[in-house]
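The next block holds one structure in the form of structure tokens; read it before the comments.
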Amino acid sequence: MSAPAGPRDAGATVSPWRGTGPELVIAVVSIVVAAAAGYLMAGWAGLSVAVTVAAAAAMVVLRFLLPPLAPDEGGTKTREKPQARHLSGYSHRRFVVHSSIASKGFYDSELRPVLEHLLAARLAERHGVHLYQDPDAARRLLCRHPRDADLWTWIDPRTRPEASARNAASERGIPRRTLARLIDRLERL
């Protein structure tokens, strides 16, 4: 039984010759005996016929009896084609925030649904209030102080703009300070 493959062998192809040592020794001994018999019976012509027949037989055996190379079952692919990666993590979030500040259409289509979902989750988990069934209670919880009243207009699910209004890219998006206050209120909620 062979030893387990090391980490550097992961993904390597499995050789069809693995474990065939005794059979190969028998085949080589048979060819040498046939070549010697051919030489003894017919000289160099007999030797060449025996070697030619052995080579042809070896080709047939290799072509039809050995399985094709297969990737190792436990490893990964040895060569994976690199694929383009989507923006993710910090750089993607930063792009969404900057674009939402610059464009109201982008805010309405990208950032507003995320903030609305976060508000709905916070209200349900911590206060037992359903944002879409009781938006007035949600507003009272989000806007506890009079200075927070303007935050509701940026996240109110009843005033979500239609798809045609979302294309208004010329309007400025959510002001930076308003977004910071809204996120702060969501964290404290």
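Throughout, residue positions are numbered sequentially from 1 according to the sequence presented.
Residues Arg122 and His127 fail the side-chain proximity criterion, which asks for heavy atoms closer than 4.5 Å. Between Leu131 and Glu116, some side-chain heavy-atom pair lies under the 4.5 Å cut-off. Counting heavy atoms from C-beta outward, Val114 and Leu118 have side chains that stay 4.5 Å or more apart. Side-chain contact check for Phe106 versus Leu111: every heavy-atom pair is 4.5 Å or farther apart. Annotation: side chain of Ser100 is not in contact with side chain of Phe95 (no heavy-atom distance under 4.5 Å).
No side-chain N or O of Glu171 forms a donor-acceptor pair with one of Tyr107 less than 3.5 Å apart.
Put simply, the side chain of Arg176 never gets that close to the backbone of Ile101: no donor and acceptor are under 3.5 Å apart. Not one N or O on the side chain of Arg185 forms a donor-acceptor pair closer than 3.5 Å with the backbone of Ala180. Distance alone, capped at 3.5 Å, places no donor-acceptor pair between the Arg139 side chain and the Asp156 backbone. With hydrogens and angles disregarded, a donor-acceptor distance shorter than 3.5 Å links the side chain of Ser48 to the backbone of Ala45. Looking at Ser103, its side chain never comes within 3.5 Å of a backbone N or O of Ser99 through a donor-acceptor pair. Formation of a donor-acceptor pair under 3.5 Å by the Ser30 side chain with backbone atoms of Ile26 is found in this model.
For Arg177, the CZ atom is loosely surrounded, since the number of other residues' heavy atoms within 6.0 Å does not exceed 12. Within 6.0 Å of NE2 in His117 there are 12 or fewer heavy atoms belonging to other residues, nucleotides or ligands.
Here Asp184 pairs with Arg188 in a salt bridge; the nearest charged N to carboxylate O distance falls below 4.0 Å. Salt bridge annotation for Asp148-Arg144: absent, with no cationic side-chain nitrogen under 4.0 angstrom from a carboxylate oxygen.
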Full working for salt bridge (charged side-chain N to carboxylate O under 4.0 Å, His left out) between Lys104 and Asp108: CA-CA 6 Å; Lys104 180 143 175 33; Asp108 288 334; 3.2 Å; yes

